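Step one of this worksheet: look at the structure below.
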Amino acid sequence: MIPVSEPFINEADIKAVVTAMRGGWLSGDGPIVEEFEHDFADKVGVQHAIAVSNGSAALDAAFASIDLQPGDEVIMPAFTIISCAQQVVRMGAIPVLIDSNDDDWNMCTERVSDAVTSRTRAVLAVHTYGLAVDMGSLFDAVSGSKIRVIEDAAEAHGLQYRGRPCGSMGDIGTFSFYSNKTMTTGEGGMAVTDSVSLATKLRKLRNLAFQSERRFVHEELGWNLRMSSMQAALGRSQLARLDDLVARKREIGALYRDRLVGIPDVQIAPSVSRGALNSYWIVGLVLGESHPVAEIVRSRLASQGVGSRPFFCPMHLQPVFRKMGLFTEDRHPVSERLWSRGLYLPSGLSITADQIDQVCDSLERVLL
Ligand SMILES: *Cc1c(COP(=O)(O)O)cnc(C)c1O
C-alpha cells in the first residue's frame, strides 16, 4: 500500500528530541519552547509566536483572544476543516460561509465585501492545500473597518503571497504541525501576531489564564494548550530545513502535474495562483462529470494499493451544525462539488518518483 502520507524524520530530528530529554526538558516550560517560538517568529517575519498543542487549539485561542460576543459574525470559507468553525460556534458567534473559487479552491474573496454586515468581527482566510488566499482582495474588502483578519496557515508553511509569508499578513496567523503537515512536531501548533496585546492574551489563554502576580488565583478561564519541549525540539529541527521540505513538496507536485495533465476531465490545482506559487502541501484533483464520484474512485484506488483522502466536507453540510439549526439555507455549489468529486493522492515527503508513477498508473487504470 502506498500511504497517503508518511512522516519524514531524519537523524537530526531524533537527536534534537533526545537532547531535550537528556537535558530534562519535557514540559511546556523552559528554553526549548522559547527558542522554537523565537525561530518560528523570525521565519514568518512576525514579532510574536506562541507555541500550542495543535493547530485547532491555535484557532480556538485566536478566536478567544479577539473576544467574540454572541451574535458576532465571522466570515470564513465553507470549504474547510471544522477546526475553523468550532470555537466560533462555541462562543455563540456565527460563521458566515463563502464558497470557493472554481480554479484554486480557496475562498472567493471577491464575495467578502457583500458578506460584511455591522456584526462582522473577523474574516478567516484559510490557505488551502498549499495555495494562498487572495489576501490583497480580502484586505480591500475590509479596509477602513475594525474587522480582524485571521489566517489559518496550517497548510501553507513556507508559502509566500506576493513576497509576504502566509500567516504574517493578518492580525493573527495560525499553524499546525500535525504529522502530515509540511513540517511536524507530531501534534503541535503555533499562533503568530505582531500585536503585543494579542500575544499576551494568547499566552495567557494557553496557560490556564494563570496570573504572574498571584498563582492559582484566576480572573478568567483559559485552557492548557501548552506544547511540550520534546515537540518544540523536533519543531526547531524541522524548521531549520523548512525551505528544503517545501522544495521537495514542489518537486512532488511537479512530478504529479506532468502525469495528471494528460488525464482527461480531471482538474488539478494551478502551479501559480493569485500571486503565489503552489507549495503543494498535498496533490489534489477534482474528477469531472464523466468520471465516478470521489468515493468510488478512492475505493478503486485502495484496491490497487493506493491510499487517498477525500476533500473537506463543507461546513454547511456538517450534521453537527445542521442539528444546531446553522446554515440550513446555505448553498455553496463549488464546495459541494469539491466534496463529492475531490480527493488527494499520496503526497507525503517520503514518496519516491517510482511511487508517483505507480499512483498515476493506477489512477489511469481506474478512470479510463
Ligand atoms: C490540519 C489543519 C488544522 C488543524 O490542525 P491540528 O493540528 O490537526 O489540530 C486546521 N486548519 C487547517 C486548514 C488544517 O489543515
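Atoms within each ligand, like the ligands themselves, are counted from 1 in listed order. Positions are given from 1 along the sequence. The basis for the numbers below is simple: all heavy atoms, side chains too, and nothing from hydrogens, waters or symmetry mates. Source: prediction; values computed, not measured.
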**Prompt:** Does the side chain of Glu155 come under 3.5 Å of the side chain of His127 through a donor N or O and an acceptor N or O?
**Reply:** no

**Message:** With side chain to side chain donor-acceptor pair (under 3.5 Å) as the criterion, how do Ser273 and Asp104 come out once you've worked through the C-alpha distance, each side chain's angles and the decisive distance to 0.1 Å?
**Reply:** CA-CA 7 Å; Ser273 180; Asp104 67 4; 2.9 Å; yes

Working to the nearest 0.5 angstrom, can you tell me the gap between [X] [atom1] and [Y] [atom2]?
X: Glu336; Y: Asp330; atom1: CD; atom2: CG; answer: 9.0 Å
X: Asp140; Y: Glu110; atom1: CG; atom2: CD; answer: 10.0 Å
X: Ile75; Y: Met107; atom1: CD1; atom2: CE; answer: 7.5 Å

Which one holds for [X] and ligand 1: side chain close, backbone close, both close, or neither close, with close meaning a heavy atom under 4.0 Å?
X: Val126; result: side chain
X: Ile81; result: side chain
X: Lys181; result: side chain

**Item:** Pi-cation contact, Tyr161 with Arg274 (under 6.0 Å, within 45°)
**Value:**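 Verdict for Tyr161: no cation-pi partner in Arg274.
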
**Complete:** Numbered in order shown, the ligand 1 atoms found under 4.0 Å of a heavy atom of Asn54 are 7 (O), 9 (O)

**Asked** Which atoms from ligand 1 have a heavy atom of Gly55 less than 4.0 Å away?
**Response**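 In order of number, 5 (O), 6 (P), 7 (O), 9 (O).
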
**Request:** Give the C-alpha distance, both sets of side-chain angles, the deciding distance and a yes or no for side chain to side chain donor-acceptor pair (under 3.5 Å) between Asn207 and Arg226.
**Result:** CA-CA 7 Å; Asn207 197 22; Arg226 298 185 299 259; 2.5 Å; yes

**Request:** Indicate yes or no: does an N/O atom of Cys84 lie under 3.5 Å from an N/O atom of ligand 1?
**Result:** no

**Request:** Check whether any N or O atom of Trp281, backbone or side chain, sits under 3.5 Å from an N or O atom of ligand 1, and answer yes or no.
**Result:** no

**Message:** Give me the nearest non-hydrogen protein atom to atom 10 (C) of ligand 1 as residue plus atom name, then the distance to 0.1 Å.
**Reply:** Asp152 OD2, 3.5 Å

**Prompt:** What protein heavy atom sits nearest atom 15 (O) of ligand 1, and how far off is it?
**Reply:** Glu155 OE2, 2.5 Å

**Prompt:** Any heavy atom of Ser83 sitting closer than 4.0 Å to ligand 1?
**Reply:**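 Yes, Ser83 has heavy atoms under 4.0 Å from ligand 1.
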
**Message:** If you take the nearest heavy atom of each of Ala153, Ser53, Ser56, Gly186, which one is closest to atom 4 (C) of ligand 1?
**Reply:** Ser56

**Request:** Determine whether the aromatic ring centres of Phe40 and Phe177 lie less than 6.0 Å apart.
**Result:**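 Centroid separation for Phe40 and Phe177: below 6.0 Å.
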
